[in-house]
There are 2 protein chains.
Amino acid sequence: MMKLRRDVFQAIADPTRRTIISLVALQAMTPGAIAGEFDFSRQTISKHIQILTECEILKQEQTGREIYYHLNPEKLKTIADFIEPYRKMWDERFDKLEAIMKDQPKST
Amino acid sequence: MMKLRRDVFQAIADPTRRTIISLVALQAMTPGAIAGEFDFSRQTISKHIQILTECEILKQEQTGREIYYHLNPEKLKTIADFIEPYRKMWDERFDKLEAIMKDQPKST
DNA sequence: ACAAAATGCAATCATTTGACTGCGTAAATT
DNA sequence: AATTTACGCAGTCAAATGATTGCATTTTGT
């Protein structure tokens, strides 16, 4: 059980884990606090946290007996990098931004 | 088997399906042609295509006995929308673009 | 009309997933 | 020192996943 096949794409496939990400993005939270937001058992949530931690989407920070988990947003870049090439196929705003970039060649 | 839990996040969780997406992004392809790019059986690939089609990442276009599958990039926006709030936490370039946007209030 | 080609559909099977309960351990509280 | 609190780890189990093979169906080509 729990092979090392875990990657970021697999991690965000689960809706509960996506919710955990959105919670922890606002502030670091303990497993107990996170579990309190769901109807699942603490251990179930704990396992989700473990999966997110394994692929480094979450980082731990222990203080006494409490462990605070906070988001490591950089890891989500993997997803963004996958999406990026397709973005320009739909995102008009992105095209507009690109145009602005071209119009401002030496802006910095 | 194959419940209706299929969503876009689940669809892109599989590496084979991500490769299929990248292939079809370049040009519409038939299942046979797609399968030819992998070492898996044709039916295995066919099933992946089915999953991608079910959640509308791929669209069919039948011509005779051949079915061309092409990418529906809009569906990937779901993923982008999830990532977007976290993007500004890592993407320096994005911040720069935002700054430029602010500096150019009436640019269009 | 018949054979070949391009697909989809069904059945099967090992593995993974996501939920659960129970237990162990370390830190805080009394 | 004993109890409570906050965790993690191990085991279990039903369901989902991802692969397979075999067969049916429709279109194309001879």
Side-chain angles (χ1 to χ4, degrees), chain A residues 1-24 27-71 79, chain B residues 1-24 27-71 79:
Chain A
M1 196 205 281
M2 203 119 341
K3 272 279 164 53
L4 286 163
R5 261 197 62 223
R6 302 259 176 233
D7 67 343
V8 186
F9 289 96
Q10 232 271 318
I12 66 152
D14 186 272
T16 303
R17 288 198 286 268
R18 289 198 299 276
T19 305
I20 291 174
I21 289 172
S22 70
L23 284 170
V24 173
Q27 61 191 314
M29 291 174 81
T30 63
I34 295 169
E37 300 287 326
F38 297 91
D39 285 334
F40 299 117
S41 75
R42 183 185 59 78
Q43 289 82 349
T44 294
I45 298 300
S46 188
K47 198 165 247 179
H48 281 305
I49 292 172
Q50 186 188 315
I51 289 167
L52 289 168
T53 307
E54 271 171 19
C55 64
E56 297 181 296
I57 290 178
L58 298 189
K59 293 280 190 179
Q60 300 183 340
E61 200 176 340
Q62 187 139 9
T63 54
R65 74 181 156 181
E66 290 181 331
I67 300 175
Y68 281 87
Y69 287 88
H70 63 92
L71 186 64
I79 312 286
Chain B
M1 192 208 285
M2 204 120 339
K3 271 279 163 55
L4 285 164
R5 261 196 62 222
R6 301 259 177 232
D7 66 344
V8 185
F9 290 96
Q10 231 271 320
I12 66 151
D14 185 90
T16 303
R17 289 197 285 268
R18 289 199 299 277
T19 305
I20 292 174
I21 288 172
S22 70
L23 284 170
V24 173
Q27 61 190 314
M29 290 173 81
T30 64
I34 296 168
E37 301 287 325
F38 297 91
D39 285 334
F40 299 116
S41 74
R42 183 184 61 77
Q43 288 82 349
T44 295
I45 298 300
S46 189
K47 200 168 244 177
H48 282 305
I49 293 172
Q50 186 189 314
I51 289 166
L52 290 167
T53 306
E54 270 170 21
C55 64
E56 296 180 298
I57 291 179
L58 299 189
K59 293 282 190 175
Q60 301 183 339
E61 200 176 339
Q62 187 141 8
T63 55
R65 75 181 155 181
E66 290 181 330
I67 301 175
Y68 281 87
Y69 286 87
H70 63 93
L71 185 64
I79 314 286

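The sequence lines fix the lettering, A, B, ..., with proteins before strands; numbering per chain opens at 1.
Remark: B:T30 is in phosphate contact with C:dT7, judged by side-chain N or O atoms under 4.0 Å from OP1 or OP2. For C:dG18, the OP1/OP2 oxygens have no side-chain nitrogen or oxygen of A:T44 closer than 4.0 Å. One finds no side-chain N or O of B:Q62 lying less than 4.0 angstrom from the OP1 or OP2 phosphate oxygen of C:dT7. For B:S41 and D:dA19, the shortest distance from a side-chain N or O to OP1 or OP2 is not below 4.0 Å. Residue A:H48 places at least one side-chain N or O closer than 4.0 Å to OP1 or OP2 of C:dA19. Listed pair B:Y69 / C:dT7 fails the phosphate criterion, with no side-chain N or O lying under 4.0 Å from OP1 or OP2.
C:dT17 atom P lies 7 Å from atom CD1 of A:I51, rounded to whole Å. What separates CG of B:L52 from P of D:dT17 is a distance of 13 Å, to the nearest Å. Taking atom CZ on B:R65 and atom P on C:dG8, their separation rounds to 13 Å, with Å as the unit. The CD-C1' distance, from B:E54 to C:dG8, rounds to 13 Å in whole Å. Atom CD1 in A:I20 sits about 9 Å away from atom P in C:dA19, given to the nearest Å. Straight-line distance from the CD1 atom of A:I45 to the C1' atom of C:dG18: 11 Å, rounded to whole Å. In this structure, A:Q60 atom CD and D:dG8 atom P are separated by 7 Å, rounded to whole Å. Rounded to whole angstrom, the span from the CD atom of B:Q10 across to the C1' atom of C:dT17 amounts to 10 Å.
In plain terms, the two heavy atoms of B:A11 and B:R17 that are nearest each other are O-NE, 2.7 Å.
Comparing D:dT21, C:dA6, D:dC7 by their closest approach to the side chain of B:Q43 singles out D:dT21. For A:R6, counting side-chain heavy atoms from C-beta on, the closest listed nucleotide (C:dG18, C:dT7, D:dT20) is C:dG18. The listed nucleotides are C:dT7, C:dA19, D:dG8; the one nearest the side chain of A:F40 is C:dA19. With D:dG8, D:dT28, D:dA6 as the choices, the nucleotide that has an atom nearest any side-chain atom of A:I67 turns out to be D:dG8. Minimum atom distance to the side chain of A:K47 is reached by D:dG11, of the listed D:dA19, D:dT27, D:dG11. The side chain of A:E66 has D:dC7 as its nearest neighbour among D:dC9, D:dC7, C:dC9.
B:F38 comes within 4.0 angstrom of nothing in the nucleic acid, heavy atoms only. Note on B:Y68: nothing from the nucleic acid sits closer than 4.0 angstrom, heavy atoms only. Using a 4.0 Å heavy-atom cutoff across all strands shown, B:S46 reaches sugar-phosphate atoms only and no base atom.
B:R42 contributes a side-chain N or O that forms a donor-acceptor pair with the base of C:dG8 under 3.5 Å.
At a threshold of 4.5 Å between non-hydrogen side-chain atoms, the residues B:K59 and B:T53 do not count as touching. Within the 4.5 Å cutoff, no side-chain heavy atoms of A:Q62 are placed close to those of A:E66.
One finds the NE2 atom of B:H48 at 4.5 Å from the CG atom of B:D14 (value rounded to the nearest 0.5 Å).
Using modelled atom types, one finds a donor on one side chain and an acceptor on the other under 3.5 Å when comparing B:T44 with B:S41. A side-chain N or O of B:Q60 and one of B:Y69 form a donor-acceptor pair less than 3.5 Å apart.
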